[in-house]
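This report concerns only the one structure given below.
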Amino acid sequence: MRATLVQIDVDPEETVGDRRERVAALVRAQSGADLVVLPELWPVGAFAADSFASRAEPVDGGPTAAAMSDAARAAGVWLHAGSIVERDPAGPLYNTSLLFAPDGGLRAVYRKIHRFGFDQGEAVLMAAGDRVVTAGLPDAVLGLATCYDLRFPELFRLLVDAGAQVIVLPAGWPARRLAHWRILVQARAVESQAYVLACGTAGTHAGIEQAGHSMVVDPWGEVLAEAGPGEQLLTVDLDPARVTSTRVDFPVLRDRVLGLPEPSPGAAPLPGS
Ligand SMILES: NC(=O)CCC(=O)C(=O)O
């Protein structure tokens, strides 16, 4: 299964329309891949909170969804189109990832569960998703997560329990926390015994320098490919059978203790007492 991550430079000098056309052309050129992955909120920029409301678009009939559906069909690839600011017809905004099949059909929608910003930006401007999403491809089951979700291992446990073998994580991760990114992407792969395809953005928008450094990590935690800071494509061949063999040969997931007891301070004797 050949996967290509497209680490896009989100430059505020480029219009959203121009970027959409440029990215669609990049996707159309990936006809040799099985799966193409784009970053989080690449049309507007993950930190361009001032533009979220004005750049929000619906999934049904929205310009990015339409362009990505066409591009997936033209290339004949599965396309994880990263995420858009979704304006739900019912009102709220969501950070919404879209997965298209090679016929252009929309096969999965994931609304980011953990919103970043503490009391600002996405955390206050967008609503949280409430569904854990997996999608069956011909060769593997994908699990969907987005950027800040990376810091919440309990979501990844749920994805593993739902059958995920390849976890796709579009991101817009700041350069300032590159060290966290590299450690956490590897940690999620090791603990999930799954491939993690983590696709970030390049460039600087809203004054936040992006890390780039998209990564593909295998179920053993080995980094198969890592981008630099600029716009770049990463192509890697994945073997979903490696997920099964890793889980059989080193069956740590089998040793999970479900329903751990509540902490009870002082229950264990103190050393020396
Ligand atoms: N777009 C994001 O979710 C950013 C997350 C981030 O910067 C962090 O977790 O650190």
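First listed ligand is number 1; within each ligand, the first listed atom is number 1.
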Under 4.0 Å from any heavy atom of P174, which atoms of ligand 1 are there?
-> 7 (O)

How about F156 and L169: do any of their side-chain heavy atoms sit closer than 4.5 Å?
-> yes

Under 3.5 Å, is there a donor-acceptor pair linking the side chains of S83 and T146?
-> no

No-hydrogen, no-angle side-chain donor-acceptor test under 3.5 Å, E86 and N95 | no

Just heavy atoms, cut-off under 4.0 Å: does H180 contact ligand 1 by side chain, backbone, both, or neither?
-> neither

Please state which part of Y148 comes within less than 4.0 Å of ligand 1, counting heavy atoms only: side chain, backbone, both or neither.
-> both

Compute the ring centroids of W173 and Y148, then answer whether they are less than 6.0 Å apart.
-> no

Which of the ligand 1 atoms, numbered from 1, are nearer than 4.0 Å to a heavy atom of C147 = 1 (N), 2 (C), 3 (O), 4 (C), 5 (C)

Taking both backbone and side-chain atoms of W173, is any N or O found less than 3.5 Å from an N or O belonging to ligand 1?
-> no

Would you check if there is a donor-acceptor pair between the side chains of T201 and E40 at a distance under 3.5 Å?
-> no

For E40, the ligand 1 atoms with a heavy-atom partner under 4.0 Å come out as 1 (N), 2 (C)

Within 4.0 Å of some non-hydrogen atom of G172, the atoms of ligand 1 are 1 (N), 4 (C)

Test item: R247 side-chain N/O and S192 main-chain N/O as donor-acceptor pair under 3.5 Å = yes

Which atoms from ligand 1 have a heavy atom of R151 less than 4.0 Å away?
-> 8 (C), 9 (O), 10 (O)

Pick, from K112, Q210, E122, the option with the minimum heavy-atom distance to atom 3 (O) of ligand 1.
-> K112

